Enquirer: 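Structure in structure tokens, see below.
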There are 2 protein chains.
Amino acid sequence: MTDNKFRKREVMMRCVPMNTLQAVLSGKWKFLILWYIAVSKVQRFGELLRRIDGITQSTLTKQLRELEDDGFIHREIYKEVPPKVEYTLTGLGKSFVPILTQMMMWSQTHLCSPDYVSPYTEEQIKELLRQ
Amino acid sequence: MTDNKFRKREVMMRCVPMNTLQAVLSGKWKFLILWYIAVSKVQRFGELLRRIDGITQSTLTKQLRELEDDGFIHREIYKEVPPKVEYTLTGLGKSFVPILTQMMMWSQTHLCSPDYVSPYTEEQIKELLRQ
DNA sequence: CGCAATAGTATCTTTTTTGATACTACTACT
DNA sequence: AGTAGTAGTATCAAAAAAGATACTATTGCG
């Protein structure tokens, strides 16, 4: 699976940037999943399922497949028992992290209550903005 | 309608930033609508309908109402015949424009074909990043 | 009078997305 | 032999989102 395979190829060809982005990352979970993978770098399926509040197993599976098909994440299967699968960001995925980080920060200051305390350290943020 | 009225208040109270943002701006059209309003600053209903490819009138109405309820846009009704309604960004909406702009630019370089030519001038981009 | 123009609303239907539930495979451990 | 643990799949159901269609109001114009 390379960074150049997209589910919605037609959209990409005559690309209108916002339309394409919207087509690829719309839905209820995509940003959240990318964010959780970005923050902890490597994620196993079960851990994502536990962390992302409210998502079901089948939905998570589908969303991860789509993100993989669209080139945002890589799925590494370890031939172990019990099974182990790790999800990591691809180059494309990593390049999107600074935007996710800014979205998180924007939401923090504009949507969350004023006394909200960020769970992320400044160093963490800096790193997320860099990658 | 102020910047502090949200459709999904419960989400905001115990705010987990990415969750809240996702809850408020998910769906197939929100980013696109905000983007079109941001780029041309003031928009009439019919113009948005013509510009946003594939959206239907009833869907556009619904999405605009939600964006209004969530404090991103302002709806100005002119008591004229035929009717005239203009949509503009609120303070909250404007504060989100730099992120939209970066999303657009990211999509341009990472999703669109390499020979894609941006329809936006550098000055326009600069201004969009500032506001 | 009949029509155009604009921004809708009100219903109903379809499509898409998400969820619930049950099931599988493999191995180690008790 | 039965159970736990992981990452699923398969099927069906429900909910949410989006779309189609018909309708409204107002006024100026021919």
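Given the structure is predicted, the values throughout are model-derived calculations rather than measurements.
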Enquirer: Quick one, give me the B/S/- string for nucleotides 24-29 of chain C, reading 5' to 3', where B means a protein heavy atom under 4.0 Å from the base and S means that only happens at the primed atoms, P, OP1 or OP2.
Expert: --BS--

Enquirer: Looking at C/dA20, C/dA10, C/dT18, which one has an atom nearest to any side-chain atom of B/S58?
Expert: C/dA10

Enquirer: Which of these, A/Q63, A/K62, A/E68, sits in a side chain to side chain contact (heavy atoms under 4.5 Å, CB included) with A/R65?
Expert: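 For A/R65, the side chain to side chain contact (heavy atoms under 4.5 Å, CB included) test succeeds with only one of A/Q63, A/K62, A/E68, which is A/E68.
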
Enquirer: Any ion pair linking A/R75 and A/E86 (charged N to carboxylate O, less than 4.0 Å)?
Expert: no

Enquirer: Tell me the interatomic distance from A/K62, atom NZ, to D/dT11, atom P, rounded to whole angstroms.
Expert: 13 Å

Enquirer: Answer whether the closest heavy-atom distance between the side chains of B/M18 and A/S107 falls below 4.5 Å.
Expert: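 With C-beta onward as the side chain, the pair stays apart.
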
Enquirer: How many whole angstroms separate atom NZ of B/K79 from atom C1' of D/dT26?
Expert: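 Computing the B/K79:NZ to D/dT26:C1' distance gives 11 Å.
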
Enquirer: At less than 3.5 Å, do the side-chain atoms of B/Q57 and the base atoms of C/dG8 form a donor-acceptor pair?
Expert: yes

Enquirer: Given atom NZ of B/K84 and atom P of C/dA5, what is their separation to the nearest angstrom?
Expert: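 So the NZ-P distance, B/K84 to C/dA5, works out to 17 Å.
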
Enquirer: For the pair A/M105 and A/L129, evaluate side chain to side chain contact (heavy atoms under 4.5 Å, CB included) and give the outcome as yes or no after the intermediate values.
Expert: CA-CA 11 Å; A/M105 292 193 297; A/L129 285 172; 4.1 Å; yes

Enquirer: Nearest to the side chain of B/R65, which nucleotide is it out of D/dA18, C/dT9, C/dG19?
Expert: C/dT9

Enquirer: What pairs with A/F96 under ring-ring contact (aromatic ring centres under 6.0 Å, His included), at least two apart in sequence or on another chain?
Expert: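 In terms of ring-ring contact (aromatic ring centres under 6.0 Å, His included), with neighbours along the sequence ignored, A/F96 is linked to B/W106.
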
Enquirer: Once you build an axis from the first five pairs and another from the last five of the helix from C/dC1-D/dG30 to C/dT30-D/dA1, how far apart in angle are they, to 10 degrees?
Expert: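 So the angle between the two local helix axes works out to 30°.
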
Enquirer: Any salt bridge linking B/K41 with B/E127? Criterion: basic side-chain nitrogen under 4.0 Å from a carboxylate oxygen.
Expert: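 Result for this pair is yes, salt bridge flagged.
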
Enquirer: How many whole angstroms separate atom CG of A/L25 from atom C1' of C/dT17?
Expert: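 My rounded result for the distance is 16 Å.
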
Enquirer: Would one find a side-chain N or O of B/Y87 under 4.0 angstrom from OP1 or OP2 of C/dA7?
Expert: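 Looking at the OP1 and OP2 atoms of C/dA7, neither is under 4.0 Å from any side-chain N or O of B/Y87.
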
Enquirer: For B/R44 and C/dA7, is the shortest distance between a side-chain N/O and OP1 or OP2 below 4.0 Å?
Expert: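 It does, given that an N or O in the side chain of B/R44 lies less than 4.0 Å from OP1 or OP2 of C/dA7.
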
Enquirer: Are A/W35 and A/Y120 close enough that their ring centres sit under 6.0 Å apart?
Expert: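 Here the rings of A/Y120 and A/W35 have centres that are less than 6.0 Å from each other.
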
Enquirer: Let me know the distance between CG of A/L49 and C1' of D/dA7, rounded to the nearest Å.
Expert: 10 Å

Enquirer: Considering heavy-atom distances to DNA chain C, does B/F45 or A/G54 have its closest nucleotide positioned more toward the 5' end?
Expert: B/F45

Enquirer: Grab the CD1-P distance between A/I77 and D/dA7 for me, whole Å please.
Expert: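 About 12 Å, once rounded to whole Å.
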
